[in-house]
**Student:** 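Quick one: structure below, then a few questions.
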Amino acid sequence: MFAASRLTTAFLALVLAAAASAATSPTAQDARVRELLARMSLEEKIGQLNQYSSRELKTGPGSDEDLVAMVTRGQIGSLLNVIGAEETRKWQKLAVESSRHHIPLLFGLDVIHGYRTVFPIPLATAASWDLALIERAERIAATETAAAGVHWTFAPMVDISRDPRWGRMSEGPGEDPYLAAAIARARVHGFQGDDLAAVDTVLACVKHFAAYGAAQAGRDYFTTDVTERVLRDVYLPPFRAAVDAGVGTVMAAFNDLDGTPASANAFLLDRVLRREWGFRGFVVSDWASIREMLEHGNVANLHEAGLKAFAAGLDMDMESNAYRDTLAADVKSGVIAPARLDAAVTAILTAKARLGLLDDPFRYSDESREKATLLKPEFLAAAREAACRSCVLLKNEHGILPLATGNITVGLVGPLADAPYDQMGAWHGRGRKEDSITLLRALEQLLPPERLKFAAGCAANDLETAGIVAARRVAEESDVVIVAVGEGADQSGEATSRASLDLSGPQLELLREVHAAGKPIVLVLLTGRPLMIEAVEPLVDAILVAWHPGTMGGPAITDVLTGAYNPSGRLPVTWPRSVGQIPIFHAQKNSGRPQPKSASDRYYSHYIDSPNTPLYPFGFGLSYTHFEYDQLRLSAPRIQPDAALSVTVRVRNAGARAGEDVVQLYLRDHVGSVTRPVRELKGFRKISLAAGEAQDVSFTLTPAELAFWRADMTFGVEPGTFSVFVGANAMAPLTASFEVEPAVRAASR
Ligand code: NOJ
């Protein structure tokens with residue numbers, strides 16, 4: 001395959017000489033890119049705009065182009081899914097030898113929650129509400145990724161999702177724009193660090209721009225229909241945060257937004273991203289998303305698709321073949337301005353320069369570093385800690401948890417108790433099931449064989465029920481039963497929308513049989529999203545949501561079940577009672593009929609067969625201790641619209657053991673020029689308190705927290721009454737109010 005390769009000693013000397021005179025400062029890099037651009041032909045420039053996937057590892061419906069031929073002809077600027085120090089070195093060698101200017105390739109990969117050390121899925125780490133932990137997880141992911149020769153991750157995914165039918169909720173930060181923006185910043189810093197040329201950082205790509213998570217009916221790739229106000233208030237803030245944090249690239253989404261697919265949406269790619277936010281990096285399409293405009297029906301042929309996408313601001317074409325053959329003619333005819341082409345190529349070359357690739361194309365392809373880096377013990381320890389901190393305890397009755405394992409027999413049943421592949425979840429990078437430690441394996445380390453009984457009972461996703469009898473027997477012979485059920489890795493993630501969110505396969509039947517044995521039950525849910533467990537909840541004494549916890553899932557769940565770690569995760573999404581309540585989220589509007597006016601009033605906003613309330617609210621999660629909130633104080637009863645206000649609350653650990661709580665602040669703007677949500681998250685702090693300890697926790701509310709997109713589509717604060725609510729979840733009762741006074745000119749940006 002690489003027979004054409006002929007990297008001579010002379011060429012190596014050239015590369016090394018370039019490295020020695022490395023242009024390290026951004027200004028020097030810019031000058032270098034300008035100088036390179038000036039020497040490139042039209043065809044060479046267009047070559048930089050094309051990205052193709054390795055044929056061995058495809059992450060979409062693939063074309064079958066001859067990659068070696070295209071790299072040799074300089075028609076490829078980036079490859080995705082080419083991984084490993086050895087493999088990337090081979091391709092890089094081919095590219096730098098073939099290209100007149102020795103321009104290196106950029107290697108991209110979906111490193112969504114770890115490369116080889118698999119961390120919990122992003123929805124899980126969002127549940128930690130722990131930004132330092134999230135940043136550290138991404139730094140480790142970047143360290144492993146960069147050691148495997150890969151320069152660029154297609155992450156963070158920051159799509160707000162309020163619909164668990166959509167399988168990609170698992171890849172994202174949940175339902176809330178404020179939490180998601182904070183997480184976006186942490187992930188970008190984690191991946192990119194302070195210096196992209198360092199060998200433990202990678203280029204990040206915030207995706208999918210934009211509103212992909214608003215797919216109608218929760219069906220992946222489907223149309224979205226959101227107003228500009230909702231787009232700006234809800235879906236865009238995490239993207240803005242990522243751009244402000246310096247994210248190097250943006251991926252356009254698959255979806256059609258207000259009639260124009262995101263890949264050719266000039267409002268998104270040009271007006272908002274570049275003109276309003278000042279983004280200076282480059283935009284890559286999603287897999288074949290330019291070509292898919294033919295199916296969307298806004299273009300008649302591939303040429304038109306490429307033209308519209310490029311003109312709108314989409315710089316790199318992933319797998320559509322839309323730019324390769326026709327863009328040159330469009331530039332020659334003047335339909336595309338040469339300046340537009342130069343801007344796109346400059347952004348791509350600048351990314352390569354910032355990564356240090358123009359100095360040394362092989363700097364990331366180092367087999368010995370790769371070997372020494374992957375799965376380091378400290379990475380595994382961090383993954384275990386991340387999985388502990390992501391677990392959310394939803395129910396704990398009769399003090400069943402933490403389990404006193406001293407002299408009892410523990411029964412373990414369920415298809416996810418010993419599922420090393422499934423616990424890694426969707427998009428698990430190069431994670432290997434051989435590296436995963438399951439709950440069964442972890443409990444085996446803790447309990448002698450005669451006090452641990454196991455039977456899977458059934459699979460998560462087929463109809464076979466024969467094994468349930470053995471699981472029932474395990475329950476009968478045990479003092480307590482841990483039931484690990486939920487979703488397999490392939491039941492969430494891309495293209496895994498579900499119309500039913502009940503426990504799949506015979507898992508409910510399994511649970512009922514185990515329940516019939518009459519023993520206390522601890523339900524452990526391994527899942528990529530909320531599942532509908534209203535009917536299950538009364539059958540069990542405790543519920544722990546472990547999500548898809550990654551390589552170290554088993555030890556982490558064991559740490560939580562035994563109390564070695566006191567759970568501190570809080571839901572980053574509202575947990576519905578039923579699919580019929582979806583979309584359900586805490587920042588809902590009030591409506592004109594929020595409550596009945598009398599006991600007999602039926603003309604109000606409700607269901608006749610379900611409460612409006614969720615099964616568990618956003619922000620909810622229990623601990624083995626409990627916290628009390630009081631003494632809510634505001635720094636002033638009234639403020640000017642451009643002033644800040646501080647909010648302080650006293651939090652006390654009223655239980656008998658140390659624990660962590662996520663103190664959450666919600667805001668309601670009672671009257672606006674447009675209707676406002678009943679509560680919006682506007683602050684949070686994760687704190688740790690010893691038993692009996694109390695602490696004052698303060699938040700500062702500034703115009704940034706009070707502002708919204710007003711009736712005239714300007715962003716700013718409006719005068720009037722605001723309420724703050726502080727507590728342990730979105731239903732926190734503790735409240736105080738303040739006024740924002742009218743000003744001559746309201747703050748805006
Ligand atoms: C399609 C997915 O939507 C996107 O998230 C991913 O980065 C690309 N495929 C590349 O694998």
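Whatever order the structure lists ligands and atoms in, that order sets their numbers, starting from 1.
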**Student:** Output all residues satisfying side-chain contact (heavy atoms from CB on, under 4.5 Å) with A146, sequence neighbours left out; order by chain, then residue number.
**Tutor:** V202, Y364
**Student:** Return the set of residues passing salt bridge (Lys or Arg N to Asp or Glu O under 4.0 Å) with R430 (not counting sequence neighbours), or none when no residue passes.
**Tutor:** none
**Student:** Write out the protein residues near ligand 1, meaning a non-hydrogen atom under 4.0 Å from one of its atoms, in order of chain and number.
**Tutor:** T59, L80, D110, F154, R168, K207, H208, M251, F254, D286, W287, M318, W427, E494
**Student:** Look only at the side chain of T260 and the backbone of D256, and say whether a donor-acceptor pair between them is shorter than 3.5 Å.
**Tutor:** no
**Student:** Does some side-chain heavy atom of R168 sit less than 4.5 Å from a side-chain heavy atom of W427?
**Tutor:** yes
**Student:** Going by an N to O cut-off under 4.0 Å, is there a salt bridge joining E135 and R187?
**Tutor:** no
**Student:** Not counting sequence neighbours, list each pair that qualifies as a ring-ring contact (aromatic ring centres under 6.0 Å, His included) and has a residue in residues 157-197.
**Tutor:** W166-Y212
